[in-house]
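Report on one structure; see the data block that follows.
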Amino acid sequence: MNNKAWLAAFEVIATLQRAGFEAYIVGGAVRDQLLGKDVHDVDVATSALPTEVQSLFTTTVDVGILHGTVIVVHPLAPIEVTTFRVEGTYEDHRRPSTVHFVRSLRDDLARRDFTVNAMALTKDHTIIDYFGGQADLAAKIVRAVGDAKERFSEDALRMLRAVRFVAQLNFTVDRQTKDAIQSCSADLAYVARERIKQEIDKIWQGEAITEAIRLMEETDLVKVLPGVWRAQTWRGFKPKTVEEGWAYFLHYNRTQPHIASHYRLTNQEKRSVKQIHLAFDALVERGFTRLDYYRYDGNVLCSAVRIARHLQRTKLSEEDVLQNKARLPIQSRQALAVDGHDLQKWCNKKPGKWLQQALQEIERAVLYEEIDNTQQQIRSWYCNGVDQR
Ligand code: ATP
Ligand code: MG
């Protein structure tokens, strides 16, 4: 448990209460604390309006006043404080554009997605649970608050959130909730892809990815999401990073490179995925060479190995890979005993394309231990080579 965030949240609650408002810890923090899991952020819900919250604390950040959220910058941790609210009308199965502030905790909890996410915790550690969240936690069930079909047609992302909680918590989805997902599945197409990506990122970090994707298969969500979604392919595979998760998913979609853009991967993520794929190809086609160990980052090599091992395309272990990489005579161009300036001096030439090529040749010779990484050896090897050319 992140004690600082809890202490900060309890102090924020105390301040709000002293001013005559109600305030509780709500949502994921209550759920995860009851599950004995690490809590990363502690959210507070309050009857105070955003302007009232602002006036009670010295430092606040306005992150979404229209939606009722103010960050209170407590010295121990920043705390998101959100005014009790209900949501306005939903258009196109997306999040509503308007919200209405209310003064009742119950109404606020009722607009939340699942029973396990709709509990509140008071300052004296009493749990407020109007919708059977504790029973569902004990039975490991994801169940919509209220009428599931209605809730999913309000905001279709909730269906993918159910899948995400299956992956994250290893829960099963209540029958009616599952049937409702099936009947509303097509509506997921209306949801912003950035929101979809956030949930998929969390699926890749989950413990029960196979079960989550099986749920997507059974409820037809896979029909709305491009790419190959096959639960079976995930059995026994747990990515170490989000990027490795995407790399593995996209491995089955190599002929459709636009899929990474469809899911709004960042440029950095796309680069990592590409590197993992290239390293994977190198490994399964011919095994890693010294140049591969040199060229690819340790994380990329390990992701490629984990994927290849899962697909039974290599016997190499991650330890082997890291050891082989560590044994290289140099780890980067900066470690070479010479640089571009030296070469220009030796050859008396202006910089140009030849310089990159020369440095690459030298790197290669040093990596394969044809020469030692010393000025002298590199110079005589390179200058003799140039004479011969
Ligand atoms: P995590 O541990 O991944 O942060 P979380 O449950 O805190 O999980 P958030 O996305 O941070 O998830 O949302 C905080 C809370 O807001 C949820 O627990 C839930 O009560 C509510 N919530 C979030 N998204 C929705 C939604 N689309 N519809 C209804 N309620 C939602
Ligand atoms: Mg959260």
Side-chain angles (χ1 to χ4, degrees), residues 1-2 5-6 9 24-46 63-64 67-69 71 77-97 99 102 105-121 127-134 136-137 142-171 177 180-181 184 187-188 190-192 194-208 212 242:
M1 180 193 297
N2 179 350
W6 283 96
Y24 307 88
I25 290 171
V26 287
V30 182
R31 176 198 71 219
D32 288 343
Q33 194 245 6
L34 287 171
L35 286 171
K37 286 190 156 206
D38 277 350
V39 173
H40 44 94
D41 44 31
V42 182
D43 297 330
V44 167
T46 181
V63 279
H67 288 89
T69 304
I71 292 181
I79 298 295
E80 259 192 33
V81 179
T82 306
T83 305
F84 295 157
R85 60 178 211 210
V86 292
E87 300 180 335
T89 46
Y90 294 83
E91 283 164 28
D92 283 353
H93 318 283
R94 296 164 193 249
R95 258 193 304 214
S97 45
V99 302
V102 292
L105 171 69
R106 194 191 163 102
D107 290 345
D108 180 88
L109 294 176
R111 58 103 185 156
R112 293 172 184 270
D113 49 5
F114 303 109
T115 61
V116 294
N117 291 343
M119 291 181 277
L121 185 70
I127 290 167
I128 300 177
D129 178 12
Y130 296 117
F131 308 103
Q134 286 173 103
D136 285 340
L137 262 193
V142 177
R143 185 196 310 272
V145 175
D147 184 89
K149 248 178 152 170
E150 212 172 281
R151 305 314 308 285
F152 295 141
S153 60
E154 287 168 357
D155 179 359
L157 183 75
R158 290 172 185 155
M159 298 186 280
L160 196 59
R161 284 176 59 86
V163 173
R164 183 258 277 205
F165 289 116
V166 166
Q168 218 172 34
L169 307 173
N170 204 355
F171 280 23
T177 302
I181 297 180
C184 301
D187 295 345
L188 190 62
Y190 297 103
V191 174
E194 289 73 10
R195 295 179 78 204
I196 289 182
K197 172 169 189 290
Q198 279 180 11
E199 299 304 324
I200 298 177
D201 282 350
K202 290 187 177 172
I203 293 175
W204 299 152
Q205 295 168 84
E207 297 299 321
V242 171

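Every value quoted in this text rests on a predicted model; they were computed, and no experiment measured them. Indexing begins at 1, ligand by ligand and atom by atom, following the structure's order.
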In chain order, what residues pass the salt bridge (charged side-chain N to carboxylate O under 4.0 Å, His left out) check against R195, with sequence neighbours excluded? D155

Would you check if the side chain of R85 reaches a backbone N or O of H67 as a donor-acceptor pair within less than 3.5 Å? yes

Is a side-chain donor or acceptor of D136 paired with a backbone partner of T115 at a separation under 3.5 angstrom? no

How about NZ on K149, more than 12 heavy atoms from neighbouring residues, nucleotides or ligands closer than 6.0 Å, or not?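 No, not enclosed.
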
Counting only non-hydrogen atoms and a 4.0 Å cut-off, the residues near ligand 1 are G27, G28, R31, D32, H40, R111, R112, D113, N117, D155, R158, R161, R164, F165, Q168, R195, K202

Taking D113 as the fixed residue, which of R161, R31, R151, R143 is the one that meets the salt bridge (Lys or Arg N to Asp or Glu O under 4.0 Å) rule? R161

Between D129 and L109, is any pair of side-chain heavy atoms under 4.5 Å apart? no

